[in-house]
Amino acid sequence: QEARTEGPCIRASEWYWSVTSGATPAGNYGCELWLSRTLSWKGFLADVYIQANDIVIVYYDHRHLLVSVRGSAVVADFLVAHGPHRGSSDLQAEKAYKGWCRHLRDIAARRQTPSIPLFVMVDSNIPMPELGADTADAEPSHPGVYSFTQLLARMSLCIPAVIPGCAQG
């Protein structure tokens, strides 16, 4: 999720661990990952929960957050990212998306154990099809579509879809 909070840090609320990359000094960008403190995972003998010492921020900047969770409840990596906006020209935007996708791939390569599941949550700022729609419905003229779909293929991730009613405005 995009956030404008200070960081990097791991904060606790009553219900969540909030892992934050931090916004710019001007209060722009920033990513957060929220992990439940109250939903249990079934362990062998008892319910288990994510603890603060299970969470490690592997990498962060104002548009990216790579988090490793290693505990009795969860063993996974989470990559949260916020893509560039279109910009003033298609050429400028295409260059920005290519660089952003390359950087995102480099961040994912920092993972300590590539065999651990990786969950990638990205606000790409690229118009994509609604859930259940044909992926050919993505806006082909958007300068980031090619770079982003190539990134997904290189990382063996599926083409994203937008859930109707959730991505408005």
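Heavy-atom basis, side chains included; hydrogens, waters and symmetry copies ignored. Numbers here simply count residues along the sequence, with the first being 1.
- Side-chain heavy-atom separations under 4.5 angstrom define the hydrophobic clusters, and Leu39 shares its cluster with no other residue.
- Under the 4.5 Å side-chain criterion, counting only non-hydrogen atoms from C-beta, Val69 is in contact with Phe78.
- The line from CG of Asp106 to SG of Cys101 is 11.0 Å long, rounded to the nearest 0.5 Å.
- Val75 and Ile116 make their closest contact through CG1-CD1, 3.4 Å (heavy atoms, listed as atom of the first residue, atom of the second, distance).
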Let me check something: any side-chain donor-acceptor pairs from residues 48-56 under 3.5 Å, sequence neighbours excluded? List them with distances.
unit_1	atom_1	unit_2	atom_2	d
Gln51	NE2	Tyr49	O	3.3
Asp54	OD2	Gln51	N	2.9

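- Counting heavy atoms of neighbouring residues, nucleotides and ligands inside a 6.0 Å radius, atom CZ of Arg102 does not exceed 12 of them.
- Taking OH of Tyr16 as the reference point, atom OG of Ser36 lies at 6.0 Å (rounded to 0.5 Å).
- At least one side-chain heavy atom of Val19 sits less than 4.5 Å from a side-chain heavy atom of Leu65.
- Although no hydrogens or angles enter the test, the distance criterion places no donor-acceptor pair under 3.5 Å between the side chain of His62 and the main chain of Tyr29.
- Here the CG-NE2 distance, from Asn28 to His82, works out to 10.0 Å after rounding to the nearest 0.5 Å.
- Of all the heavy atoms in Trp100 and Ala81, the pair that sits closest is CZ2-CB, 3.9 Å.
- The two residues Ser21 and Tyr60 come nearest to each other via the heavy atoms O-CD1, 3.5 Å.
- Under the 30°/60° scheme for interplanar angles, the aromatic rings of His103 and His64 are found to stand perpendicular.
- Cation-pi geometry between Arg37 and Trp17 is satisfied (NZ or CZ under 6.0 Å from the ring centre, within 45° of the ring normal).
- Side-chain atoms of Thr113 and Arg111 form no donor-acceptor pair, as typed in the model, at a separation below 3.5 Å.
- Side-chain N or O atoms of Thr20 include none that pairs as donor or acceptor with a backbone N or O of Gly22 at under 3.5 Å.
- Annotation: side chain of Arg11 is in contact with side chain of Glu6 (closest heavy-atom distance under 4.5 Å).
- In this structure, Arg70 and Ser68 approach most closely via the heavy-atom pair NH1-OG, 2.9 Å.
- Rounded to the nearest 0.5 Å, atoms OG (Ser18) and CG (Leu33) are 8.0 Å apart.
- A salt bridge does not link Asp123 with Arg63: every distance from a Lys NZ or Arg NE/NH1/NH2 to an Asp or Glu carboxylate oxygen is 4.0 Å or more.
- Here the closest heavy-atom approach between residue Tyr59 and residue Arg110 is recorded as CD1-NH1, 3.3 Å.
- When every heavy atom of Ile57 is checked against every heavy atom of Pro8, the shortest pair comes out as CD1-CB, 4.2 Å.
- We find the CD1-CG distance between Ile10 and Leu35 to be 9.0 Å, quoted to the nearest 0.5 Å.
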